[in-house]
Asker: 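Pasting in a structure now, in C-alpha coordinates, and then I'll have a few things to ask.
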Amino acid sequence: MIVEECDQQSCLVADNCFEKIDPTTLKWRTRPFEAPESIREEENIFKVDDVLTSVEYFCSFFDTRIIDSIRKHTELYGLQKYGIELKCTDADIRRYIGILLYLGILKLPQLKTAWSKDLKLTAITDSTPRGRFEKIKKCLHFNDNTKQLKKEDLNYDKLYKIRPLLNIFKENFGKLPQEDHQSVDEQIIAIKVAGRSSFKQYNPVKPHKWGLKIFTRAGTSGLVYDFTPYVGEGTCPSYGLGISSDVVLYLAQGLPKDRLYFDNWFTSVSLLISLKKMGSFATGSVRKNRISNCQMLSDAKFKNRGKGSFDMKCDINHNLVCVKWFNNKPVQLISSCEDHQHVGICKR
(Lines give C-alpha, C1' and ligand atoms only; values in the text may rest on other atoms or scores of the structure.)
Protein backbone atom coordinates (compact mmCIF):
# COMPACT_ATOMS: atom_id res chain seq x y z
CA MET A 1 0.00 0.00 0.00
CA ILE A 2 2.88 2.38 0.75
CA VAL A 3 4.54 1.69 -2.60
CA GLU A 4 1.23 2.22 -4.43
CA GLU A 5 0.64 5.54 -2.65
CA CYS A 6 4.15 6.76 -3.53
CA ASP A 7 3.59 5.88 -7.19
CA GLN A 8 0.37 7.89 -7.19
CA GLN A 9 2.05 10.89 -5.60
CA SER A 10 4.88 10.83 -8.16
CA CYS A 11 2.36 11.74 -10.89
CA LEU A 12 1.91 15.15 -9.26
CA VAL A 13 5.64 15.84 -9.10
CA ALA A 14 7.73 16.88 -12.09
CA ASP A 15 10.46 14.61 -13.41
CA ASN A 16 13.15 17.21 -12.67
CA CYS A 17 12.86 18.91 -9.29
CA PHE A 18 15.08 21.82 -8.29
CA GLU A 19 16.61 22.93 -5.03
CA LYS A 20 15.61 26.16 -3.33
CA ILE A 21 18.52 28.57 -2.93
CA ASP A 22 18.92 30.42 0.35
CA PRO A 23 19.28 34.15 -0.53
CA THR A 24 21.71 34.64 2.37
CA THR A 25 24.23 32.31 0.70
CA LEU A 26 24.61 34.58 -2.34
CA LYS A 27 27.73 36.73 -2.56
CA TRP A 28 26.90 40.07 -4.17
CA ARG A 29 29.85 42.16 -5.32
CA THR A 30 30.33 45.39 -7.27
CA ARG A 31 31.95 44.19 -10.48
CA PRO A 32 31.15 44.01 -14.24
CA PHE A 33 28.63 41.40 -15.29
CA GLU A 34 29.79 38.65 -17.65
CA ALA A 35 26.97 37.93 -20.10
CA PRO A 36 26.60 34.25 -21.14
CA GLU A 37 28.11 33.44 -24.52
CA SER A 38 25.24 31.15 -25.53
CA ILE A 39 22.71 34.00 -25.88
CA ARG A 40 21.69 34.67 -29.44
CA GLU A 41 22.71 38.03 -30.80
CA GLU A 42 20.18 38.12 -33.65
CA GLU A 43 16.60 38.48 -32.55
CA ASN A 44 14.08 36.12 -34.14
CA ILE A 45 11.20 38.42 -35.00
CA PHE A 46 7.87 36.82 -35.79
CA LYS A 47 7.00 37.27 -39.48
CA VAL A 48 3.74 36.54 -41.26
CA ASP A 49 4.32 35.22 -44.77
CA ASP A 50 0.70 34.62 -45.81
CA VAL A 51 -2.32 36.35 -44.34
CA LEU A 52 -5.09 33.77 -43.87
CA THR A 53 -8.81 34.22 -43.51
CA SER A 54 -10.50 34.28 -40.10
CA VAL A 55 -11.85 30.75 -40.61
CA GLU A 56 -8.39 29.45 -41.58
CA TYR A 57 -6.82 30.96 -38.48
CA PHE A 58 -9.57 29.48 -36.32
CA CYS A 59 -9.21 26.01 -37.89
CA SER A 60 -5.44 26.03 -37.39
CA PHE A 61 -6.05 25.89 -33.63
CA PHE A 62 -9.53 24.33 -33.51
CA ASP A 63 -8.49 21.50 -35.83
CA THR A 64 -10.16 18.26 -36.96
CA ARG A 65 -8.90 16.37 -33.90
CA ILE A 66 -10.94 18.63 -31.63
CA ILE A 67 -14.03 18.31 -33.82
CA ASP A 68 -13.70 14.52 -33.87
CA SER A 69 -13.19 14.40 -30.08
CA ILE A 70 -16.29 16.54 -29.43
CA ARG A 71 -18.40 14.41 -31.80
CA LYS A 72 -17.24 11.15 -30.22
CA HIS A 73 -17.80 12.18 -26.59
CA THR A 74 -21.09 13.95 -27.34
CA GLU A 75 -22.47 10.80 -28.95
CA LEU A 76 -21.14 8.73 -26.03
CA TYR A 77 -22.79 10.94 -23.40
CA GLY A 78 -26.10 10.94 -25.28
CA LEU A 79 -26.07 7.15 -25.28
CA GLN A 80 -25.00 6.87 -21.62
CA LYS A 81 -27.30 9.53 -20.18
CA TYR A 82 -30.40 9.53 -22.38
CA GLY A 83 -30.11 6.31 -24.36
CA ILE A 84 -30.33 8.12 -27.70
CA GLU A 85 -28.17 7.86 -30.80
CA LEU A 86 -27.38 11.33 -32.08
CA LYS A 87 -25.50 10.09 -35.15
CA CYS A 88 -23.61 13.38 -35.33
CA THR A 89 -21.19 14.21 -38.10
CA ASP A 90 -18.21 16.52 -38.03
CA ALA A 91 -20.25 18.98 -40.09
CA ASP A 92 -22.95 19.04 -37.37
CA ILE A 93 -20.39 19.94 -34.71
CA ARG A 94 -18.88 22.63 -36.93
CA ARG A 95 -22.33 24.14 -37.53
CA TYR A 96 -23.07 24.06 -33.80
CA ILE A 97 -19.82 25.89 -32.99
CA GLY A 98 -20.43 28.35 -35.82
CA ILE A 99 -23.89 29.17 -34.50
CA LEU A 100 -22.50 29.82 -31.02
CA LEU A 101 -19.86 32.15 -32.42
CA TYR A 102 -22.40 33.93 -34.61
CA LEU A 103 -24.82 34.42 -31.73
CA GLY A 104 -21.96 35.65 -29.57
CA ILE A 105 -21.20 38.35 -32.14
CA LEU A 106 -24.88 39.37 -32.24
CA LYS A 107 -25.00 39.28 -28.41
CA LEU A 108 -28.40 37.57 -28.32
CA PRO A 109 -29.60 36.91 -24.74
CA GLN A 110 -31.04 33.44 -25.51
CA LEU A 111 -30.23 30.78 -28.06
CA LYS A 112 -33.91 30.12 -28.81
CA THR A 113 -34.32 33.62 -30.24
CA ALA A 114 -32.05 32.65 -33.14
CA TRP A 115 -34.93 30.67 -34.70
CA SER A 116 -37.45 33.46 -34.12
CA LYS A 117 -39.46 34.47 -37.19
CA ASP A 118 -39.00 38.14 -36.31
CA LEU A 119 -35.19 38.03 -36.52
CA LYS A 120 -35.09 35.98 -39.75
CA LEU A 121 -31.53 34.70 -39.21
CA THR A 122 -31.50 32.56 -42.33
CA ALA A 123 -27.80 31.79 -41.90
CA ILE A 124 -28.77 29.80 -38.78
CA THR A 125 -32.23 28.49 -39.61
CA ASP A 126 -31.13 27.12 -43.00
CA SER A 127 -28.06 25.36 -41.60
CA THR A 128 -29.45 23.48 -38.58
CA PRO A 129 -32.99 22.75 -37.34
CA ARG A 130 -33.69 24.03 -33.86
CA GLY A 131 -34.44 20.55 -32.52
CA ARG A 132 -31.13 19.21 -33.81
CA PHE A 133 -29.28 22.13 -32.23
CA GLU A 134 -30.99 21.57 -28.86
CA LYS A 135 -30.11 17.85 -28.86
CA ILE A 136 -26.42 18.57 -29.46
CA LYS A 137 -26.49 21.26 -26.78
CA LYS A 138 -28.11 18.82 -24.33
CA CYS A 139 -25.48 16.11 -24.89
CA LEU A 140 -22.39 18.25 -25.54
CA HIS A 141 -19.35 16.69 -23.84
CA PHE A 142 -15.58 16.68 -24.27
CA ASN A 143 -14.50 13.62 -22.26
CA ASP A 144 -15.80 10.30 -20.92
CA ASN A 145 -17.43 10.91 -17.53
CA THR A 146 -17.24 7.24 -16.55
CA LYS A 147 -13.41 7.38 -16.44
CA GLN A 148 -13.17 10.45 -14.23
CA LEU A 149 -11.45 9.84 -10.89
CA LYS A 150 -13.07 10.78 -7.61
CA LYS A 151 -12.03 13.92 -5.75
CA GLU A 152 -10.43 11.81 -3.01
CA ASP A 153 -7.97 10.32 -5.52
CA LEU A 154 -4.45 11.79 -5.55
CA ASN A 155 -4.48 11.97 -9.35
CA TYR A 156 -7.84 13.75 -9.54
CA ASP A 157 -7.85 16.28 -12.40
CA LYS A 158 -10.01 19.35 -11.84
CA LEU A 159 -10.05 20.02 -15.58
CA TYR A 160 -10.72 16.44 -16.62
CA LYS A 161 -13.91 17.25 -18.54
CA ILE A 162 -12.06 19.57 -20.95
CA ARG A 163 -8.60 18.00 -20.73
CA PRO A 164 -8.58 16.58 -24.31
CA LEU A 165 -9.32 20.03 -25.71
CA LEU A 166 -6.65 21.71 -23.59
CA ASN A 167 -4.00 19.18 -24.64
CA ILE A 168 -4.71 19.71 -28.36
CA PHE A 169 -4.86 23.49 -27.94
CA LYS A 170 -1.48 23.53 -26.15
CA GLU A 171 0.04 21.36 -28.86
CA ASN A 172 -1.25 23.65 -31.63
CA PHE A 173 -0.03 26.78 -29.85
CA GLY A 174 3.41 25.19 -29.50
CA LYS A 175 3.65 24.71 -33.28
CA LEU A 176 3.90 28.47 -33.85
CA PRO A 177 7.38 29.85 -34.75
CA GLN A 178 9.06 30.76 -31.47
CA GLU A 179 10.35 34.27 -30.73
CA ASP A 180 13.57 34.89 -28.83
CA HIS A 181 12.01 37.20 -26.22
CA GLN A 182 8.99 35.84 -24.38
CA SER A 183 7.22 36.64 -21.14
CA VAL A 184 5.24 34.67 -18.58
CA ASP A 185 2.30 36.42 -16.96
CA GLU A 186 -1.31 35.92 -15.90
CA GLN A 187 -4.28 36.68 -18.11
CA ILE A 188 -7.95 37.00 -17.23
CA ILE A 189 -10.70 35.52 -19.41
CA ALA A 190 -13.63 37.77 -18.59
CA ILE A 191 -16.69 35.88 -17.34
CA LYS A 192 -19.30 36.75 -14.74
CA VAL A 193 -22.96 36.04 -15.50
CA ALA A 194 -22.67 33.06 -17.84
CA GLY A 195 -21.36 29.82 -16.39
CA ARG A 196 -20.63 28.58 -12.89
CA SER A 197 -17.11 27.63 -11.92
CA SER A 198 -15.15 27.33 -8.69
CA PHE A 199 -12.14 28.68 -10.62
CA LYS A 200 -13.80 32.04 -11.27
CA GLN A 201 -12.01 34.87 -9.46
CA TYR A 202 -12.73 38.44 -8.50
CA ASN A 203 -10.05 41.14 -8.49
CA PRO A 204 -11.32 44.74 -8.15
CA VAL A 205 -8.09 46.34 -9.45
CA LYS A 206 -8.19 44.52 -12.81
CA PRO A 207 -9.91 45.86 -15.96
CA HIS A 208 -11.95 42.62 -16.05
CA LYS A 209 -12.86 42.13 -12.39
CA TRP A 210 -14.55 38.72 -12.82
CA GLY A 211 -12.92 35.97 -14.81
CA LEU A 212 -10.91 32.79 -15.17
CA LYS A 213 -7.19 33.20 -14.62
CA ILE A 214 -4.68 31.47 -16.87
CA PHE A 215 -0.90 31.69 -16.93
CA THR A 216 0.49 32.29 -20.42
CA ARG A 217 3.84 32.37 -22.20
CA ALA A 218 3.66 34.94 -24.99
CA GLY A 219 6.06 36.68 -27.39
CA THR A 220 6.65 40.34 -28.20
CA SER A 221 4.16 40.00 -31.08
CA GLY A 222 1.39 39.19 -28.59
CA LEU A 223 0.97 35.58 -29.70
CA VAL A 224 0.53 32.95 -26.98
CA TYR A 225 2.80 29.89 -27.24
CA ASP A 226 1.75 28.00 -24.11
CA PHE A 227 -0.72 28.33 -21.26
CA THR A 228 -2.13 26.61 -18.19
CA PRO A 229 -5.39 27.50 -16.38
CA TYR A 230 -5.16 28.36 -12.69
CA VAL A 231 -7.14 25.85 -10.62
CA GLY A 232 -5.36 26.18 -7.29
CA GLU A 233 -3.57 23.00 -6.23
CA GLY A 234 -2.79 20.98 -9.33
CA THR A 235 -2.31 23.95 -11.67
CA CYS A 236 1.03 22.51 -12.78
CA PRO A 237 3.49 19.79 -11.70
CA SER A 238 5.51 20.57 -8.59
CA TYR A 239 9.18 21.39 -9.15
CA GLY A 240 9.79 22.11 -5.47
CA LEU A 241 10.01 25.92 -5.74
CA GLY A 242 6.42 26.97 -5.02
CA ILE A 243 3.49 27.74 -7.31
CA SER A 244 4.86 31.03 -8.71
CA SER A 245 8.18 29.53 -9.85
CA ASP A 246 6.70 26.14 -10.77
CA VAL A 247 4.37 27.81 -13.29
CA VAL A 248 7.32 29.42 -15.11
CA LEU A 249 9.31 26.18 -15.16
CA TYR A 250 6.29 24.28 -16.47
CA LEU A 251 5.63 26.77 -19.28
CA ALA A 252 9.34 26.91 -20.18
CA GLN A 253 9.53 23.17 -20.87
CA GLY A 254 10.83 22.51 -24.38
CA LEU A 255 11.65 26.18 -24.95
CA PRO A 256 14.90 26.80 -26.90
CA LYS A 257 17.68 28.91 -25.42
CA ASP A 258 15.75 32.16 -25.39
CA ARG A 259 15.09 34.94 -22.92
CA LEU A 260 12.14 34.97 -20.53
CA TYR A 261 10.69 37.93 -18.67
CA PHE A 262 8.25 38.09 -15.75
CA ASP A 263 7.16 40.31 -12.86
CA ASN A 264 8.04 40.18 -9.17
CA TRP A 265 5.35 37.62 -8.27
CA PHE A 266 7.27 34.98 -10.22
CA THR A 267 10.87 36.15 -9.81
CA SER A 268 13.24 34.47 -7.37
CA VAL A 269 16.92 33.55 -7.33
CA SER A 270 16.04 29.85 -7.31
CA LEU A 271 13.92 30.29 -10.44
CA LEU A 272 16.66 32.03 -12.43
CA ILE A 273 19.22 29.38 -11.47
CA SER A 274 16.79 26.57 -12.35
CA LEU A 275 16.05 28.13 -15.75
CA LYS A 276 19.79 28.34 -16.46
CA LYS A 277 20.05 24.60 -15.83
CA MET A 278 17.24 24.10 -18.35
CA GLY A 279 19.06 26.27 -20.90
CA SER A 280 16.95 29.44 -20.68
CA PHE A 281 17.93 32.88 -19.41
CA ALA A 282 15.57 35.27 -17.65
CA THR A 283 15.03 38.79 -16.35
CA GLY A 284 12.42 39.98 -13.91
CA SER A 285 11.56 42.59 -11.30
CA VAL A 286 12.19 41.22 -7.83
CA ARG A 287 10.94 41.88 -4.31
CA LYS A 288 13.38 43.04 -1.65
CA ASN A 289 12.82 40.08 0.67
CA ARG A 290 13.95 37.65 -2.07
CA ILE A 291 17.41 39.26 -2.28
CA SER A 292 17.71 40.24 1.36
CA ASN A 293 21.52 40.32 1.58
CA CYS A 294 22.06 42.35 -1.63
CA GLN A 295 23.03 45.76 -0.26
CA MET A 296 22.09 48.46 -2.79
CA LEU A 297 21.97 52.25 -2.46
CA SER A 298 19.21 53.49 -0.16
CA ASP A 299 16.01 55.03 -1.52
CA ALA A 300 16.98 58.41 -0.04
CA LYS A 301 20.25 58.51 -2.02
CA PHE A 302 18.39 57.60 -5.21
CA LYS A 303 15.98 60.52 -4.69
CA ASN A 304 18.92 62.89 -4.32
CA ARG A 305 20.50 61.58 -7.53
CA GLY A 306 17.23 61.88 -9.47
CA LYS A 307 15.55 59.87 -12.21
CA GLY A 308 17.71 57.52 -14.25
CA SER A 309 20.22 56.76 -11.48
CA PHE A 310 21.00 53.11 -10.80
CA ASP A 311 23.14 50.74 -8.77
CA MET A 312 24.35 47.25 -9.72
CA LYS A 313 25.62 44.14 -7.92
CA CYS A 314 26.74 40.75 -9.26
CA ASP A 315 26.58 37.36 -7.58
CA ILE A 316 29.93 35.60 -8.01
CA ASN A 317 28.54 32.09 -7.35
CA HIS A 318 25.81 31.89 -10.00
CA ASN A 319 26.66 34.81 -12.31
CA LEU A 320 23.49 36.79 -11.63
CA VAL A 321 23.15 40.55 -11.77
CA CYS A 322 20.87 42.77 -9.70
CA VAL A 323 20.11 46.33 -10.82
CA LYS A 324 18.26 48.93 -8.77
CA TRP A 325 16.95 51.72 -10.96
CA PHE A 326 15.14 54.90 -9.95
CA ASN A 327 12.22 56.41 -11.85
CA ASN A 328 9.30 57.76 -9.80
CA LYS A 329 10.30 55.17 -7.22
CA PRO A 330 13.09 52.55 -7.00
CA VAL A 331 12.65 49.37 -9.04
CA GLN A 332 14.82 46.27 -8.55
CA LEU A 333 15.58 43.85 -11.37
CA ILE A 334 17.48 40.57 -11.35
CA SER A 335 18.77 38.80 -14.44
CA SER A 336 20.94 35.95 -15.67
CA CYS A 337 21.63 37.53 -19.07
CA GLU A 338 21.34 41.36 -19.04
CA ASP A 339 22.85 44.14 -16.95
CA HIS A 340 22.35 47.94 -16.88
CA GLN A 341 23.80 48.51 -20.38
CA HIS A 342 23.10 50.34 -22.57
CA VAL A 343 22.57 53.62 -20.70
CA GLY A 344 20.93 56.48 -22.61
CA ILE A 345 19.26 59.82 -22.07
CA CYS A 346 15.49 60.20 -22.20
CA LYS A 347 13.81 63.58 -22.78
CA ARG A 348 10.51 64.07 -20.95
Side-chain angles (χ1 to χ4, degrees), residues 43-75 88-107 123-124 127-128 133 136-137 140-144 157 159-191 194-195 208 211-231 235-236 247-248 250-261 280:
E43 182 178 357
N44 182 20
I45 301 176
F46 181 79
K47 298 180 181 179
V48 178
D49 297 328
D50 298 321
V51 178
L52 307 178
T53 64
S54 301
V55 175
E56 289 173 331
Y57 279 120
F58 178 81
C59 292
S60 63
F61 295 100
F62 215 93
D63 58 16
T64 55
R65 293 178 298 168
I66 292 182
I67 300 296
D68 183 65
S69 177
I70 295 175
R71 178 191 57 78
K72 180 178 67 175
H73 291 109
T74 299
E75 288 183 338
C88 284
T89 63
D90 290 351
D92 291 334
I93 300 300
R94 286 193 174 91
R95 291 191 193 101
Y96 177 82
I97 296 172
I99 291 173
L100 292 181
L101 294 175
Y102 188 54
L103 295 178
I105 295 173
L106 297 179
K107 297 182 179 179
I124 294 178
S127 63
T128 303
F133 180 89
I136 296 176
K137 176 188 173 185
L140 186 67
H141 265 67
F142 310 103
N143 211 342
D144 187 359
D157 185 5
L159 297 174
Y160 172 82
K161 292 195 174 184
I162 59 170
R163 181 59 64 186
L165 269 67
L166 290 178
N167 292 338
I168 298 175
F169 273 132
K170 288 170 65 68
E171 182 180 343
N172 289 338
F173 275 96
K175 293 178 181 178
L176 294 172
Q178 300 287 325
E179 300 171 72
D180 290 346
H181 298 270
Q182 301 186 22
S183 67
V184 175
D185 203 354
E186 64 180 30
Q187 182 178 353
I188 299 296
I189 301 176
I191 178 175
H208 299 293
L212 304 176
K213 182 164 70 173
I214 61 173
F215 295 105
T216 62
R217 173 167 58 83
T220 54
S221 64
L223 287 174
V224 174
Y225 298 101
D226 200 0
F227 66 92
T228 181
Y230 175 73
V231 296
T235 299
C236 64
V247 165
V248 178
Y250 175 63
L251 295 178
Q253 291 292 323
L255 187 68
K257 295 183 178 180
D258 297 334
R259 306 185 192 187
L260 280 174
Y261 303 88
S280 297

Asker: With sequence neighbours excluded, what pairs up with K161 under the salt bridge (Lys or Arg N to Asp or Glu O under 4.0 Å) test?
Answerer: none

Asker: In Å, rounded to the nearest 0.5 Å, how long is the span from OG of S69 to CD1 of I162?
Answerer: 12.0 Å

Asker: Are any of the side-chain heavy atoms of Y261 and H181 separated by less than 4.5 Å?
Answerer: yes

Asker: Taking atom OG of S127 and atom OH of Y96, what is their separation to the nearest 0.5 Å?
Answerer: 13.0 Å

Asker: Please assess R259 against D180 for the test salt bridge (charged side-chain N to carboxylate O under 4.0 Å, His left out), listing each intermediate value before the final yes or no.
Answerer: CA-CA 6 Å; R259 306 185 192 187; D180 290 346; over 6 Å; no

Asker: Considering residues at least two apart in sequence or located in another chain, which fulfil the side chain to side chain contact (heavy atoms under 4.5 Å, CB included) criterion with T235?
Answerer: F215, T228, Y230, V231, I243

Asker: Could you tell me whether the side chain of I136 reaches within less than 4.5 Å of the side chain of C88, counting heavy atoms only?
Answerer: yes

Asker: Which value, rounded to the nearest 0.5 Å, describes the distance between L260 atom CG and L251 atom CG?
Answerer: 9.0 Å

Asker: If we ignore hydrogens and angles and just use 3.5 Å, is the side chain of E56 paired with the main-chain N or O of T53 as donor and acceptor?
Answerer: yes

Asker: Under the rule for side chain to side chain contact (heavy atoms under 4.5 Å, CB included), what residues qualify as partners of D63, not counting sequence neighbours?
Answerer: R65, I66, I168, N172

Asker: Hey, could you give me the CZ/CD distance between F61 and E171, rounded to the nearest 0.5 Å?
Answerer: 12.5 Å

Asker: How about F62 and F169: are their ring centres within less than 6.0 Å of each other?
Answerer: yes

Asker: Quickly, which of L176, T216, I214 forms a side-chain contact (heavy atoms from CB on, under 4.5 Å) with V224? Name it, please.
Answerer: T216

Asker: Quick one: pull up CG in D92 and OG1 in T74 and give me the separation to the nearest 0.5 Å.
Answerer: 10.5 Å

Asker: Minimum heavy-atom separation for Y160 to P164, with atom names?
Answerer: O-CD, 3.9 Å

Asker: Partners of D90 by salt bridge (Lys or Arg N to Asp or Glu O under 4.0 Å), sequence neighbours excluded?
Answerer: R71

Asker: Between CG of D185 and CZ of R217, what distance do you get to the nearest 0.5 Å?
Answerer: 14.0 Å

Asker: Taking C-beta and beyond as the side chain, do L212 and P229 meet within less than 4.5 Å on heavy atoms?
Answerer: no

Asker: Check salt bridge (Lys or Arg N to Asp or Glu O under 4.0 Å) between E186 and all other residues, then give those that pass, not counting sequence neighbours.
Answerer: K206, K213

Asker: Which residues pass the side chain to side chain donor-acceptor pair (under 3.5 Å) test with Y250, sequence neighbours left out?
Answerer: none

Asker: So do the side chains of I97 and I67 get within less than 4.5 Å of each other, counting heavy atoms only?
Answerer: yes

Asker: Does a salt bridge link K170 with D226, judged by any charged N lying under 4.0 Å from a carboxylate O?
Answerer: yes

